[in-house]
Amino acid sequence: MVTDALAGLVEVALKAAVADGALSSESFPGPHFERPKRAEHGDWATSIALVVARGGANPRAVAAALVERLPPSDLVERVEVAGPGFLNFHLSSKWLHDVVQRAADPASGFGRSSEGSGRHVNLEYVSANPTGPMNVVSGRHAAVGDALAGLLEATGHKVTREFLINDAGRQLDLFAQSVAARYLQHFRVMAELPEDGYQGDYLIEVAEQIANEIGDGLVQSPSAEREKTLGDLALQRMLDSMKASLERFGSRFDVWFSERKMHDSGAVSAVIERLRDGGFIEERDKALWFRSSQFGDDKDRVVVRSNGATTYLTADIAYLIDKAGRGYDHLIYLWGADHHGTVPRMMAATQALGLIKEQVEIRLIQNVSLLREGVTVKASKRAGEVVALDELVDEVGSDAARYTFLTRSMDAPLEFDIELAKQEGPDNPVYYVQYAHARICSILKKAAEQGFLTGTSPLDPVGHPSEEQLMRKLSSYEETVLLAAQARAPQRLTRYLEELASSFSAYYRDCRVISEERALSQARLTLCLATKRVIADGLGLLLVSAPESM
RNA sequence: GCCCCCGUAGCUCAGGGGAUAGAGCACACGCCUCCGGAGCGUGGGGCGCAGGUUCGAAUCCUGCCGGGGGCACCA
């Protein structure tokens, strides 16, 4: 990006200033550039003079000294000292035009960077229990995970999208027992759901489908056999339905990882030996404890219960070992906020296993509530108001659902306004952005019909303030993608796309694209093309479609 | 009681230690001979409180207040 070039210029000036005594020789941090909020402060600004002046020098004097020593560059039109000592860089129109040309060129890699240097990231998300349909909370997880994956790939990472199937443990036992009870009920045999069993009506349907398929042969079987068989059949059906819901929503995973296979292979019990070898296991009250408090956890944690069963943590550690052995450079977990209490023990395990703490990243996604007709419905399972992802997609569509999930920081609870997301009008941000794209497509089509060139053309004829503003907005796409990826913040991109669409609207209002002035029309069409490509690219990273017409 | 997240405009929320804190909705007032009015413009209004670090704090630290979530040999 252009900031690298600008930083190079400033470093030359710093060295020159030290060499001729204008600055005392110290080691300076690399100049940091940021986008000023106000247009008159230029395209990029750095506070390096304020940092350098920390020793007591006058920051404005330092800034002036640096300006004098900046080497010439065709990127830079002029540099001003402003405020307490900022260096404001006003870049040349050549630079701006070059950026827009790249944005308009599909082969230029605009918006892509190599910041990730090909590092391989494992991103695990959703991982919803296969004991019920996908709900809207899982939908948020899917949207956020997919968007992060796209952003990481755009910044030069290789990403493996992974889904952990919780197909083992007590919840699955309860699930199997619940299905078995529904199966018996289907054949008019008295049976009760277990305590804490799965009450949902969907299990009645699943049991009925299975009963229709395999008949009543299991009614007479021993309960253990019946539960095992029915549990497995029902699990498979639930998994298929989850995959179908996710696919309909647009999510695709590279790895579906079975927890059960990890138990069967002995990987879970192997955790105990691994931790024992490290001296991190202690027996107390007939249970085995992992001394996680050595690594900052509040207290030690049980890994094998006194009844011999392993705990959830044990499986989590086995899973961590498995991932670590697959050669990724970085692991990201996206968990629900209700798991926050388990983060310290996982990070303790990371350290006990000798892994690098910084390579394991656990992010929590806050809850979703739905706002319908002015009433807020909490989407928690506890409240019993689970809204299925399929229903949401039916009602608002996957584009609007996905986009809405991405308008907020994952740290903040999300209030999903169903009425707003459903609107096919400008109040709905996703339609506003898609509309801008469709409108450009319409203009480009019309231009082609009238014999204009469809490729890029020189931008020299442009000059209207709205054109300038649109070009500057386009130029900030690259850093937006990079920052969104680094901060794990897809909402930066949705926000940016809304701003871009807004800038385009102003441009469209002020500047007639297709006119008698041929060269100007071609330049404006290039600007349209660049905007179209950036909108489509940004939406694409978020798995939201960019329709040609609406 | 302890831990995590949040507290920014009437509402829902953005804000990478920087300059005069933003968007959408809502509200008020405007704009259609025009390439898609499914659009655009103008306006009012805000960083929970108190300290601290810093040249500079909505942002970092501490305490308090308020909201949400979590604190099992459950998952």
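Predicted model, so just to flag it, every value in this text is computed and none were measured. Numbers restart at 1 for each chain; the letters A, B, ... are given by sequence-line order, proteins then strands.
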**Prompt:** Is it true that A:K445 and A:E548 have a side-chain N and a carboxylate O under 4.0 angstrom from each other?
**Reply:** no
* Stacking here means centres under 5.5 Å and planes under 30°; does A:H41 stack on B:A19? -> yes
Note: for A:A489 and A:A45 on RNA chain B, the residue whose nearest nucleotide lies more 5' is A:A489
Looking for any heavy atom pair under 4.0 Å, which part of the strands does A:N88 touch: base, sugar-phosphate only, or nothing?
base
Looking only at B:A14, B:C5, B:A75, the nucleotide nearest the A:A412 side chain is B:A14
Does the distance from a Lys or Arg side-chain N to an Asp or Glu carboxylate O, for A:K261 and A:D322, drop under 4.0 Å? no
Whole-Å C1' distance, B:C25 and B:G44:
16 Å
A:E498 atom CD is separated from B:C13 atom C1', nearest whole Å, by 11 Å
Report task. Ignoring backbone atoms, test whether A:R345 places a side-chain nitrogen or oxygen under 4.0 Å from the OP1 or OP2 oxygen of B:G70. Result -> no
When rounded to whole Å, the CG to C1' distance for the pair A:D298 and B:C71 reads 9 Å
- A:Y435 ring over B:G36 six-membered base ring, under 5.5 Å and 30°: no
Is a salt bridge present between A:E162 and A:K323, judged by a nitrogen-to-oxygen distance below 4.0 Å? no
Of the listed B:G16, B:C25, B:G69, the closest approach to the A:R35 side chain comes from B:G16
| message | Between A:T311 and A:T314, is there a side-chain donor-acceptor contact under 3.5 Å, judged purely by atom types and distance? | response | yes
With a 4.0 Å limit, can you tell me whether A:Y403 has a side-chain N or O closer than that to the phosphate oxygens OP1/OP2 of B:G24?
no
Taking a pair to mean Watson-Crick or G-U wobble geometry with both distances below 3.5 Å, B:A28 pairs with B:U42
- Message: Taking any heavy-atom pair under 4.0 Å as a contact, classify A:P413: base, sugar-phosphate, or nothing.
- Response: sugar-phosphate
Among B:C35, B:G41, B:G16, the one nearest any side-chain atom of A:R509 is B:G41
Regarding the side chain of A:R408, the nearest nucleotide among B:C25, B:C13, B:U20 is B:C13
Original post:
Expressed as a whole number of Å, how far does the C1' atom of B:G18 sit from that of B:C4?
Top reply: 30 Å
Whole-Å distance, A:F504 CZ to B:G41 P, equals 14 Å
**OP:** Determine, for A:R301 against A:D316, whether the closest basic-nitrogen to carboxylate-oxygen distance falls under 4.0 angstrom.
**Re:** no
query = Using atom P of each nucleotide, how far apart are B:C6 and B:G48 to the nearest Å?
reply = 13 Å
Point to revise | Gap in Å between the two P atoms, one belonging to B:U53 and one to B:C11, rounded | key: 34 Å
Salt bridge (Lys or Arg N to Asp or Glu O under 4.0 Å) with A:D300: of A:R291, A:R284, A:R345, only one passes, and it is A:R284
Looking at B:G37, I'd like to know if its phosphate oxygens (OP1 or OP2) sit under 4.0 Å from a side-chain N or O belonging to A:Y508. yes
(request) Pick base, sugar-phosphate or nothing for A:K299, based on heavy-atom distances below 4.0 Å to the nucleic acid. (result) sugar-phosphate
- Taking OP1 and OP2 of B:A19, is either one under 4.0 Å from a side-chain nitrogen or oxygen of A:K37? yes
Base of B:C3, side chain of A:H340 - is there a donor-acceptor contact under 3.5 Å?
yes
With the side chain defined as heavy atoms from C-beta on, A:W289 is closest, among B:C35, B:A75, B:C73, to B:C73
Sugar-phosphate only, base, or nothing, as touched by A:E548 at under 4.0 Å among non-hydrogen atoms: base
When both distances are under 3.5 Å in a Watson-Crick or G-U wobble arrangement, the nucleotide paired with B:A23 is B:U12
Walking RNA chain B from its 5' end, the first of A:P84 and A:D411 to be reached, judged by nearest nucleotide, is A:D411
Over all strands shown, is A:F290 touching base, sugar-phosphate only, or nothing at heavy-atom distances under 4.0 angstrom?
nothing
C1' spacing across the pair B:A14 / B:C73, given as an integer number of angstrom = 44 Å
Checking all strands, does A:D285 fall into the base, sugar-phosphate, or nothing category for heavy-atom contacts under 4.0 angstrom? base
Partner of B:G37 under the Watson-Crick or G-U wobble criteria, both distances under 3.5 Å, comes out as none
Notebook entry, point to check: Counting any heavy atom closer than 4.0 Å, what does A:C511 reach on the DNA or RNA strands: base, sugar-phosphate only, or nothing?
Noted result: base
- Answer with base, sugar-phosphate or nothing: what part of the nucleic acid does A:E449 contact at a heavy-atom distance below 4.0 Å? nothing
In whole angstroms, the gap separating P of B:C40 from CD of A:Q469 amounts to 13 Å
Of the candidates B:A75, B:A26, B:G15, the side chain of A:D427 sits closest to B:A26
Whole-Å distance, A:E34 CD to B:A57 C1', equals 14 Å
task: If the plane angle is over 60° it's perpendicular, under 30° parallel, otherwise tilted; pick one for A:Y333 and A:Y319.
output: perpendicular
Could you work out the separation of B:A21 and B:A58 based on their P atoms and round it to a whole Å?
10 Å
message = For the C1' atoms, the ones on B:G17 and on B:G52, what distance do you get once it is rounded to whole angstrom?
response = 15 Å
Against the side chain of A:D338, the closest entry in B:G70, B:A19, B:G36 is B:G70
The Watson-Crick or G-U wobble partner of B:G7, with both key distances under 3.5 Å, is B:C65
In whole angstroms, the gap separating C1' of B:C4 from CG of A:N367 amounts to 13 Å
Take atom C1' in B:C27 and the same atom in B:U33, then report the distance between them in whole Å. 32 Å
Checklist entry - Under 4.0 Å between a side-chain N or O of A:Q434 and OP1 or OP2 of B:A38? => result no
A:I48 atom CD1 is separated from B:A19 atom C1', nearest whole Å, by 17 Å
| request: Select base, sugar-phosphate, or nothing to describe what A:T342 touches, counting heavy atoms under 4.0 Å on all strands. | output: base
note: A:R495, atom CZ; B:G15, atom P; distance rounded to Å ~ 7 Å
Against the side chain of A:T311, the closest entry in B:A75, B:C4, B:C13 is B:A75
Q: For the residue pair A:N166 and A:E259, confirm or rule out a side-chain donor-acceptor distance under 3.5 Å.
A: yes
**Request:** Taking only the side-chain nitrogens and oxygens of A:R301, find out if one of them lies under 4.0 Å from OP1 or OP2 of B:C73.
**Result:** no
Check: A:Y435 ring centre within less than 6.0 Å of A:Y432 ring centre: no
| message | For A:R495, is there an ion pair with A:E499 - N to carboxylate O distance below 4.0 angstrom? | response | no
Among B:C34, B:A14, B:A72, the one nearest any side-chain atom of A:R512 is B:C34
Given the 90°-from-0 boundary between syn and anti, B:C32 should be labelled syn
With the side chain defined as heavy atoms from C-beta on, A:E415 is closest, among B:U12, B:G37, B:C55, to B:U12
- [ ] Using a cut-off of strictly less than 4.0 Å, decide whether A:S505 has a side-chain nitrogen or oxygen near OP1 or OP2 of B:C40.
- [x] yes
Using Watson-Crick geometry (N1-N3 plus N6-O4 or O6-N4) or G-U wobble (N1-O2, O6-N3), each under 3.5 Å, B:C2 is paired with B:G70
